[in-house]
Amino acid sequence: MSTEHGALLGPADIRELAAALGVRPTKQRGQNFVIDANTVRRIVRTAEVGPDDVVVEVGPGLGSLTLALLETAAHVTAVEIDDVLAGALPATIEARLPRKAGSFALVHSDAMLVRELPGPAPTALVANLPYNVAVPVLLHMLDTFPSIERTLVMVQAEVADRLAADPGSKVYGVPSVKANWYARVKRAGSIGRNVFWPAPNVDSGLVSLVKRAEPVKTSASKREVFAVVDAAFAQRRKTLRAALAGWAGSAAAAEAALVAAGVSPQARGEALTVEEFARIAEHKEAAA
């Protein structure tokens, strides 16, 4: 068992690797490297990664989580934007987990630009997402790779709360609704600051997303539904009648669409489910 555990990176390994590469974690890219082997094991366990899974990881950094994923999964593809980190990762895998080196692929790219991945289609997304781009990256990956059944991301605690919020909650907003379009979302734990280097000045949280068994039933397209969501929350203090006036063409047209969708024109966006937003999108014609 100890040799298995020996494959994972500890605090000294991380600092040694970083020093050898001349890497300083940058704020600009939201880089905070996980230095605790127990934490990455816990993430893999919470993500329910199994021996048949093909995992895509975004922002692998020095490879802490990558190694833990490779120990369990059939295949791991890591997407890394940083030139130095992307260049070093394959050698780290080869040195520390040689028997799984053939099950690893690296995509050196900005995750927001990735449209395809090498090898088999991913079944899971597991990542410590850079704080500044967590939500757009998550939504882009879920949209681009519908084969992903389960997702577990580590994000800033505040972002985790937002993603997992239910209608009516103070922090329910655009990320909550859009994540719900793809998946059932819930908080899956908290992560302390001391497992990172450098230690961030915010707490982190785990968010689990399980793909919807059935897509949201609607005749509206995702683009049309998301346009309503964006409009509803752009001025979240306003009633939907007022907030959707621009989207519908006028306040009266917005009211007609809302009434046709069975939603009170006096309601606010934070009270609505993704299904209700979809119904409003379907009734834009009623507003015309």
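Basis for what follows: all heavy atoms, side chains included, without hydrogens, waters or symmetry-related copies.
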When rounded to the nearest 0.5 angstrom, what is the spacing between [atom1] in [X] and [atom2] in [Y]?
X: Glu282; Y: Ser221; atom1: CD; atom2: OG; answer: 10.5 Å
X: Glu116; Y: Ser109; atom1: CD; atom2: OG; answer: 10.5 Å
X: Met154; Y: Thr39; atom1: CE; atom2: OG1; answer: 7.5 Å
X: Glu276; Y: Ser264; atom1: CD; atom2: OG; answer: 10.5 Å
X: Lys238; Y: Gln266; atom1: NZ; atom2: CD; answer: 13.0 Å
X: Met112; Y: Leu139; atom1: CE; atom2: CG; answer: 8.5 Å

Output all residues satisfying side chain to side chain donor-acceptor pair (under 3.5 Å) with [X], sequence neighbours left out; order by chain, then residue number.
X: Thr66; result: Glu57
X: Asp53; result: Thr123, Arg150
X: Asp143; result: Tyr182, Lys222

Quick check: do [X] and [Y] have side-chain heavy atoms less than 4.5 Å from each other?
X: Glu149; Y: Val210; value: no
X: Ser64; Y: Ile35; value: no
X: Leu117; Y: Val54; value: no
X: Leu9; Y: Phe33; value: no
X: Val34; Y: Leu65; value: no
X: Ile148; Y: Leu209; value: no
X: Pro60; Y: Leu85; value: no
X: Trp247; Y: Leu240; value: no

Task: Set of ring pair (Phe, Tyr, Trp, His ring centres under 6.0 Å) partners for Phe145, sequence neighbours left out - done: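 So Phe145 forms no ring pair (Phe, Tyr, Trp, His ring centres under 6.0 Å) with any residue.
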Sub-3.5 Å donor-acceptor pair from the side chain of [X] to the main-chain atoms of [Y], do we have one?
X: Asn32; Y: Trp197; result: no
X: Gln156; Y: Tyr131; result: no
X: Ser208; Y: Leu152; result: no

Applying side chain to side chain contact (heavy atoms under 4.5 Å, CB included), can you list everything that pairs with [X], at least two apart in sequence or on another chain?
X: Glu275; value: Arg212, Val216, Thr273
X: Arg115; value: His140, Thr144
X: Ala165; value: Ser169, Val171, Tyr172, Ser176

Could you report the tightest heavy-atom contact between [X] and [Y], atom names first, then the distance?
X: Leu272; Y: Ala267; answer: CD1-CB, 4.2 Å
X: Ala101; Y: Ile93; answer: CA-CG2, 4.0 Å
X: Arg241; Y: Ala254; answer: O-CB, 3.6 Å
X: Leu97; Y: Ala7; answer: CD1-CB, 3.6 Å
X: Ala74; Y: Ser103; answer: O-CB, 3.3 Å
X: Val155; Y: Ala134; answer: CG1-CB, 3.7 Å

Open item on the list: Let's go through His108 and Asp83 carefully: what are the C-alpha distance in whole Å and the side-chain angles of both, what is the deciding distance for side-chain contact (heavy atoms from CB on, under 4.5 Å) to 0.1 Å, and is it a yes or a no?
Closed with: CA-CA 7 Å; His108 180 192; Asp83 296 346; 2.9 Å; yes
Task: Neighbour count >12 (heavy atoms, 6.0 Å) for atom CD, Glu48 - done: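 No, because the 6.0 Å sphere around CD of Glu48 holds 12 heavy atoms or fewer from other groups.
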With sequence neighbours left out, write down each residue that passes salt bridge (Lys or Arg N to Asp or Glu O under 4.0 Å) with [X], or none if nothing qualifies.
X: Arg236; result: Glu270
X: Glu214; result: Lys217
X: Asp13; result: Arg96

Task: Joint cluster assignment, Val58 & Val114, ILVMFWY side-chain distance < 4.5 Å - done: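 The answer is yes; both residues are in one hydrophobic cluster.
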- [ ] Report whether Val228 and Val259 are members of the same hydrophobic cluster (ILVMFWY, side-chain heavy atoms less than 4.5 Å apart, transitive linking).
- [x]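 Shared cluster, no.
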- [ ] Step by step, work out the side-chain contact (heavy atoms from CB on, under 4.5 Å) result for Val135 and Lys178.
- [x] CA-CA 10 Å; Val135 172; Lys178 290 184 178 178; over 6 Å; no
TODO: Only one of Val76, Ile43, Val40 passes side-chain contact (heavy atoms from CB on, under 4.5 Å) with Leu69; say which it is.
DONE: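 That would be Val76; it is the only one of Val76, Ile43, Val40 passing the side-chain contact (heavy atoms from CB on, under 4.5 Å) with Leu69.
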- [ ] Pick out which of Thr92, Leu21, Leu67 makes a side-chain contact (heavy atoms from CB on, under 4.5 Å) with Leu62.
- [x]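 Testing each of Thr92, Leu21, Leu67 against Leu62, the sole residue satisfying side-chain contact (heavy atoms from CB on, under 4.5 Å) is Leu21.
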Task: Residue pairs fulfilling salt bridge (charged side-chain N to carboxylate O under 4.0 Å, His left out) with at least one residue in residues 192-205, sequence neighbours excluded - done: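 Every salt bridge (charged side-chain N to carboxylate O under 4.0 Å, His left out) pair that includes a residue of residues 192-205, provided the two are not neighbours, is Arg193-Asp203.
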Open item on the list: I need the full list of salt bridge (charged side-chain N to carboxylate O under 4.0 Å, His left out) pairs touching residues 152-161, with sequence neighbours left out, sorted by first then second residue.
Closed with: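 Residue pairs with at least one partner in residues 152-161: Glu158-Arg162, Asp161-Arg187.
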TODO: Could you walk me through whether Val159 and Leu129 pass side-chain contact (heavy atoms from CB on, under 4.5 Å), step by step?
DONE: CA-CA 11 Å; Val159 176; Leu129 289 177; over 6 Å; no
- [ ] Please test Arg42 against Leu206 for side-chain contact (heavy atoms from CB on, under 4.5 Å), starting from the C-alpha separation and ending with a verdict.
- [x] CA-CA 11 Å; Arg42 178 185 155 201; Leu206 296 174; 4.1 Å; yes
Open item on the list: One thing to verify: whether Asp230 and Arg223 come together as a salt bridge, which I'm taking to mean a side-chain N less than 4.0 angstrom from a carboxylate O.
Closed with: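 Looking at Asp230 together with Arg223, the answer is no, because their closest N to O distance does not fall below 4.0 Å.
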